[in-house]
Structure formats: C-alpha cells, structure tokens
Amino acid sequence: MSRGRWTKEQFQGDAQSLAKALLGTQLVRMLDDGSQISGTIVETEAYLGVMDRAAHAFGGRRTQRNETMYAAAGTAYVYLIYGMYNCFNVVCGEPDEPTAVLVRALAPIEGIQRMREARSKAKRERDLCSGPGKLCQALFIDRSLDGEDLASSDRLFIKGEPGPPKDSTLICAPRIGVDYAGAWADKPLRYYLEESEHVSKKLRS
DNA sequence: CGGCCGATCAGCT
DNA sequence: GCTGATCGGCCGA
C-alpha cells in the first residue's frame with residue numbers, strides 16, 4: 001500500500017504540503033524501449049499561484065507556456081527555461097488554481113547507466129540529478145510530457161510513502177533563482193533533506 | 001573555492 | 001530588446 005503508486009487524491013492540497021510530501025518518494029520514468037529510470041526526490045520548491053511574485057502564474061498570467069499550471073492536481077507541468085533546459089513540476093490545488101511544486105533534485109536509484117549517457121558532462125554520480133534542469137536531462141523529461149497525468153501515465157509517475165521520511169531532517173530555505181521576486185524571494189518555500197548528497201545547493205553555515 | 005559569462009527561446013515592454 | 005524557477009566552462013585567488 002505505502003509502496004504503491006500515487007493516486008489522483010494524493011496530489012490534491014496546497015503546494016507547501018505537497019512539496020514536503022514528495023520528499024522521500026520516487027519519481028519513475030518508463031522509456032518507450034521499456035527501460036526504467038528513477039530517483040528519490042530530495043529537494044522541492046512550492047509555488048503558490050497568482051499572489052506569488054516568483055511564480056509563472058503571478059497576477060493571473062496565463063500563456064501557452066504556463067497553461068498546464070491551471071490543470072488538475074497530479075498533472076505534470078514541464079516548461080523550457082533559459083531557452084535550453086526543462087523543469088518538471090507537479091500541479092496541485094484546485095482546478096484553475098495555478099499552484100505547483102518544482103522538483104529540484106533526485107538521488108538516483110535505477111537506470112544510472114542511462115542517466116550517465118544522457119548527462120555525459122556529469123563526472124560524479126551526485127551531479128546526475130542535482131538540479132531541476134539536470135534531472136530532466138537524466139530522466140529524459142521534456143515538453144512532450146507537459147500535461148501528462150501522473151496518476152495514470154505509463155511514462156512518468158510517483159511512488160512511495162508520502163514524506164518527509166521519519167529518519168530525515170527537513171530543511172526549509174528561500175527558493176533558488178528568484179531574487180527578482182521582492183519579499184517573495186525570502187520566503188522559506190524550498191524544502192530539502194539535509195543528509196542528502198544530491199541536493200542542488202546547501203545553505204552555507 | 002567563487003564569480004563571471006554565454007547558450008538560446010518564450011513572454012513581456 | 002531584455003529577462004528568466006539553469007548549467008557548465010573558464011578564470012583568478
């Protein structure tokens with residue numbers, strides 16, 4: 001039961017709750033050739049919708065690119081950033097409420113050889129999925145998966161018990177790369193597992 | 001180690 | 001024409 005694949009209901013709720021619940025679960029990618037690539041989610045960020053200056057849907061913005069943010073909870077929102085990388089989000093909240101969770105880092109589990117092929121520039125295993133653009137490269141996630149229903153898809157889904165894991169330490173910190181967002185840049189909406197070697201950036205102590 | 005910079009495109013002014 | 005929910009190469013300390 002707890003090891004099973006996530007159903008539609010499990011994705012519902014606010015972005016901060018989902019951001020924490022996704023920590024410690026597995027993101028699974030099935031390729032067309034039948035091979036499976038997966039990793040444990042160790043870092044997420046919550047994007048709170050129309051009032052959140054850092055979010056794509058701030059002020060009710062609705063474009064071709066961010067249209068999927070307005071879809072039902074459990075939909076994958078994959079968008080192109082800086083003209084060259086993809087970012088993977090899980091939509092949550094009510095339909096027409098553009099809230100989502102950005103998945104920022106994974107600890108690789110299955111298909112590590114495939115990940116290395118897709119990310120030949122990464123020398124160390126901990127660089128394979130330690131960033132939102134990196135994990136999309138490693139798991140072959142591109143915009144063909146934008147709008148995918150994670151509760152029914154054979155290509156991309158979530159499994160495992162909702163987190164954060166009991167034996168882990170949860171860190172809350174400001175989000176990455178949103179310095180333009182004024183007061184919203186400082187809010188602690190980034191979550192990661194302190195003991196993981198696979199997070200994109202750690203707080204300096 | 002840290003800082004700068006280019007790649008490359010969707011959306012906004 | 002500028003900027004961004006990024007990354008990796010190159011530089012100097």
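So that the names make sense, note that chain A is the first sequence line, chain B the second, and so on, each numbered from 1.
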Could you go over nucleotides 1-6 of chain B and give all protein N or O partners under 3.5 Å, atom names and distances?
none

So, taking the atom named [atom1] in [X] and the one named [atom2] in [Y], what distance separates them when rounded to the nearest 0.5 Å?
X	Y	atom1	atom2	result
A:T99	A:Q16	OG1	CD	10.0 Å
A:L102	A:Y47	CG	OH	5.5 Å
A:E161	A:T25	CD	OG1	10.5 Å
A:F58	A:W184	CZ	CH2	9.0 Å

Can a donor-acceptor pair be found between the side chains of [X] and [Y] at a distance below 3.5 Å?
X	Y	result
A:S200	A:E43	yes
A:H56	A:Y77	yes
A:S38	A:Q26	no

Going by heavy atoms closer than 4.0 Å, what residues in residues 58-79 of chain A are next to DNA chain C? A:M69, A:Y79
By a strict heavy-atom criterion of less than 4.0 Å, which residues belonging to residues 92-120 of chain A are in contact with DNA chain C? A:L102, A:R104, A:R119
[X] atom [atom1]: more than 12 heavy-atom contacts under 6.0 Å:
X	atom1	answer
A:E117	CD	yes
A:R126	CZ	no
A:K201	NZ	no

Regarding [X] and [Y], does a basic nitrogen lie under 4.0 Å from an acidic carboxylate oxygen?
X	Y	answer
A:D127	A:R116	no
A:D146	A:R143	no
A:R104	A:E45	yes
A:D52	A:R175	yes

I want to verify a distance call: between C:dT6, C:dG9, B:dA10, whose nearest atom is closest to the A:K121 side chain? C:dG9
Grab the [atom1]-[atom2] distance between [X] and [N] for me, whole Å please.
X	N	atom1	atom2	value
A:N89	C:dG4	CG	C1'	14 Å
A:L128	C:dC7	CG	C1'	14 Å
A:Y82	C:dG8	OH	P	14 Å
A:L135	C:dT6	CG	C1'	12 Å
A:D146	B:dA10	CG	C1'	13 Å
A:L80	B:dG11	CG	P	10 Å
A:E45	C:dG4	CD	C1'	14 Å

For A:G83, which contact category applies under a 4.0 Å heavy-atom criterion: base, sugar-phosphate, or nothing? base
Pick the C1' atom in C:dG8 and in B:dA10, then give their distance to the nearest Å. 23 Å
Paired runs of 3 or more consecutive Watson-Crick or G-U pairs involving DNA chain C, with both pairing distances under 3.5 Å, are B:1-7 with C:6-12, B:9-12 with C:1-4
Pull out every protein N or O sitting under 3.5 Å from an N or O of nucleotides 1-3 of chain C, one pair per line with the distance.
none

Taking for each residue the nucleotide of DNA chain C with the nearest heavy atom, is it A:G177 or A:K123 whose nucleotide lies nearer the 5' end? A:G177
Quick check: do A:L128 and A:K134 have side-chain heavy atoms less than 4.5 Å from each other? no
Can you find a pair of side-chain heavy atoms, one from A:V90 and one from A:T75, that are under 4.5 Å apart? no
For A:K134 and C:dG8, is the shortest distance between a side-chain N/O and OP1 or OP2 below 4.0 Å? yes
Which residues satisfy the side-chain contact (heavy atoms from CB on, under 4.5 Å) test with A:D142, sequence neighbours excluded? A:N86, A:S144
